[in-house]
Amino acid sequence: MVTREVFWNISPLGELIFYLIALIAVVIFAYGIYSHVRRILQGKRVSFTVRPLLAKLSAAIASIAANRTILRHDAPAGMMHFLIMWGFIVLFIGTVIVTIEYDLFQKILGMEHGFWVGSFFLGYEVILDTLGVLFLIGLIWALIRRYGLRPPQLTWKPLDLALPLWLLFIGITGFLVEGLRLAATAAELGYDPRWSWAGFLVSQWVQTASVGTLRAWHLALWWMHGLLALGWIAYLPYAPKVMHILSAGVNLFFQDMRPRGRLELLDVEGAFERNEVLGFQTLKDLTRKDFLDLASCTECGRCEANCPAHLSGKILSPREIILELRTHANEEFPAFGRPKEHKQIIGYSIKPEEIWACTTCMACVEVCPVFIDPLNKIIELRRNEVMIQDKYPKGFTDVFKGMDGRGNPWDMPASERLAWIKGLDVPIVSALAASNPSPDFEYLFFVGCAASFDPRTQKIARSVVKILQHAQIKFAVLGEEEGCTGDPARRIGHEYIFQILAKQNIEIFNNYNVKKILTICPHCFNTLKNEYPALGGQYEVVHHTQLIEQLLRDGRLQLTQEIPATITYHDSCYLGRYNRIFDAPRAILQKIPGVKLVEMERHRERGMCCGAGGGLMWLEEEPGKRVNELRVQQAQAALDVHLRRPAAGEAVRSRRSLVASACPFCMIMLEDGIKSKNAEFENKDIAELVAEALG
Ligand code: SF4
Ligand code: SF4
């Protein structure tokens, strides 16, 4: 007889009791899932179409299978998770196979064997033992990481220790049970036990014991293993931390595949008359996807560890935003009983200071392994605070006044918009249109408010003009007709002002038959490219780093002037994380003769914000908690490393030290940080460096 039956050492009564307990575990599990689904269905519907459905399915499977997000941002933790996840999946599939074989083929159909024979069985044994061992290694690694290495973002609740230990005991008792069975049935086994290599090693360790002792230990450990596993199944939907095993895949599948830089358009026209709530006031306003996000959070803290607000000592933590909303949701939609009265979120579960510390940098969204979006919740909470409650930090009053009254957050008169062109020959669209109803220009150079009014960033616009003229590109500016894109108002939460400004700009663009827009500001770039289409404004939008890089590749620009400098590049969030433009700025810098490019520790996808986004440029930050100062220290550290360790024969002391940026907002923040930290480097926009290198 081939001995591999699951219940070979269990009495028929024991078998029956086991199945009864299994049934209870499944019922408890199913109720837990039901209460999650019931809570999620309280949310508003989200639009879902078939075409992205297939893309979503493949993206979700690929992302989960490869553990892509964790591996990209934290390779050791990603590897650890990879072992646990694949170990868990394979062991689970293995258990399902055994159950089908035993219950269906052997018990119900009365066959001696189903498909669990021959090479399939032997392969199954090798794979399960190997993945089982890797599963244990992953769990031990997780315990060492959490309790030995102690990364600051990980929490210390007692249950955090219990859960991996629970799985560890399931795994260890599983191998002990296998080893004891192999040792006790060695004579009648009917196959080479070395195929079950991990169990075989255990059997070698216990083989000297009598069969009676082996059977007694097997019986005790079999029950322990079975009950631990069933208990785990029953508990799974009630343990928020491990619930992600089930919800992460669903959340990935339902992720928003539209451009990540766009915010949902709000129907603000007549909203007051319709007595509509704008943004998130209570949990009633969340969507089903938002509730799914809350159920999926693993509490891993990666979002917190990358949040500039948190890193600079502010009250905000994106993980806490999610967990506070989750606790609130569990209170109002309990697993048992009827939903409770809805409380206003701000002031009850979330403090206003939390949402007003967010720079909208998207670092939390970028690193979240289960594709949770804390940022969209913050924006929706801001929308309600601004448009319904009329509550926001005082610093925004002038920003709204300027944008509403004069079309720019600086509250400057439109006549000042051309101050930066003094001494330059810059064509203005209205003047061109006066002589030709179809003005002849390739790019509309959308200057943006910062480079129009701020004396330091005006130099970026002047450099871009020099570059365009050098490459003989036909362009024109709107001058007094240009208005703010509306980005600061939108990110602060004022959708009304955003839509007014956006519609005005779109009307002007369409009047002049604009097809291509060039911007130097990543905030303008993101809004024009990703958000104007929802209001009917479709244009080809390019950032100046993209255009310059193309011109260099086409040979239309030659950088001949050497700039002996060590440069570290600061990624703008709205250019990098929002629009995935990481390579073009670096490619340009590498083409400038004499430039040595060094990277900060936080760069590209993990680049840290300058602190200006989300309208925060207009808020005063507490000394000692300034994001821009932290970023300047990071830049200084990167440049210092190079100064300490120059390449062989390099005279670094004679070189300039620079941080390069590609955003006027970043420049304003970095310049301020450099001054307050007395840093020993300059800040230049990439356009300024290119203009200098043109000679
Ligand atoms: S968007 Fe940036 S600042 Fe806001 S919560 Fe996320 S990581 Fe923090
Ligand atoms: S939101 Fe995502 S990154 Fe943040 S703690 Fe939850 S799972 Fe981790």
Side-chain angles (χ1 to χ4, degrees), residues 63-64 67-70 72-74 77-78 81 151-155 157 160 240-245 247-252 255 260-261 263 289-327 350-351 353-382 491-493 526 571-574 576-578 602 605-617 619 621 625-628 630-631 669:
S63 186
I64 293 172
N67 271 215
R68 202 178 288 149
T69 312
I70 319 184
R72 191 192 302 143
H73 296 290
D74 185 351
H81 188 268
Q153 73 271 18
L154 291 182
T155 52
K157 295 176 209 152
D160 293 341
K241 227 174 161 46
V242 284
M243 180 55 199
H244 79 277
I245 294 173
S247 56
V250 184
N251 206 31
L252 274 171
Q255 68 177 287
R260 22 160 79 189
L263 290 180
K289 174 66 173 66
D290 293 314
F291 278 105
L292 192 54
D293 274 0
L294 306 187
S296 306
C297 179
T298 66
E299 304 177 29
C300 69
R302 287 190 179 84
C303 51
E304 184 181 287
N306 286 282
C307 172
H310 188 82
L311 290 171
S312 58
K314 313 246 175 35
I315 187 175
L316 171 64
S317 154
R319 167 171 59 185
E320 290 310 314
I321 293 280
I322 296 298
L323 297 185
E324 284 156 354
L325 285 172
R326 177 152 84 191
T327 309
I350 294 179
K351 297 186 187 76
E353 303 80 50
E354 292 178 69
I355 60 167
W356 295 119
C358 175
T359 66
T360 68
C361 71
M362 215 191 259
C364 50
V365 184
E366 176 76 36
V367 294
C368 179
V370 288
F371 288 67
I372 291 171
D373 188 344
L375 174 56
N376 93 307
K377 289 150 200 54
I378 291 172
I379 295 281
E380 294 298 341
L381 289 165
R382 284 183 173 191
R491 262 71 202 174
I492 294 170
N526 180 63
D571 287 279
S572 144
C573 306
Y574 279 68
R577 268 190 296 274
Y578 274 65
R602 290 179 183 271
E605 289 88 348
R606 281 193 64 234
M608 200 183 91
C609 181
C610 66
L616 264 58
M617 198 172 78
L619 289 190
E621 285 181 283
K625 291 188 178 180
R626 291 186 176 143
V627 177
N628 60 343
L630 191 56
R631 190 57 172 160
M669 298 304 282

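What you see below is based on every heavy atom in this structure, not just the backbone, and it leaves out hydrogens, waters and symmetry mates. Note that ligands are numbered from 1 as they come in the structure, with each ligand's atoms numbered from 1 the same way.
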Least distance between heavy atoms, Cys609 atom then Cys361 atom: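 Minimum heavy-atom contact is CB-CB, 3.7 Å.
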
task: Could you list the atoms of ligand 2 found under 4.0 angstrom from a heavy atom of Gly301?
output: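 Contacts of ligand 2 toward Gly301, numbered from 1: 5 (S), 8 (Fe).
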
field: Numbered atoms of ligand 2 (with element) below 4.0 Å of Val370, judged on heavy atoms
entry: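 That gives atoms 7 (S) of ligand 2.
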
message: Residue by residue, ordered by chain and number, which ones reach under 4.0 Å of ligand 1 with a heavy atom?
response: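 The 4.0 Å shell around ligand 1 contains Cys307, Pro308, Leu316, Pro318, Cys358, Thr359, Thr360, Cys361, Met362, Ala363, Cys364, Leu375, Ile378.
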
- request: For ligand 2, indicate whether the residue Glu299 contacts it via side chain, backbone, both or neither (heavy-atom separation under 4.0 Å).
  value: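 Glu299 to ligand 2: backbone contact only, side chain stays beyond 4.0 Å.
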
message: I'd like to know if the side chain of Tyr574 pairs up with that of Thr360 as donor and acceptor (distance under 3.5 Å, no hydrogens or angles considered).
response: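 Their side chains do contain a donor-acceptor pair, which is all the 3.5 Å distance test asks for.
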
Could [X] and [Y] be called an ion pair, given the rule that one side-chain N must be under 4.0 Å from one carboxylate O?
X: Glu366; Y: Arg72; value: yes
X: Asp293; Y: Lys289; value: yes
X: Glu299; Y: Arg326; value: yes

Lys241 atom NZ: more than 12 heavy-atom contacts under 6.0 Å: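 Above 12, so yes.
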
- prompt: Taking it one step at a time, do Arg319 and Glu304 satisfy salt bridge (Lys or Arg N to Asp or Glu O under 4.0 Å)?
  reply: CA-CA 6 Å; Arg319 167 171 59 185; Glu304 184 181 287; 3.3 Å; yes

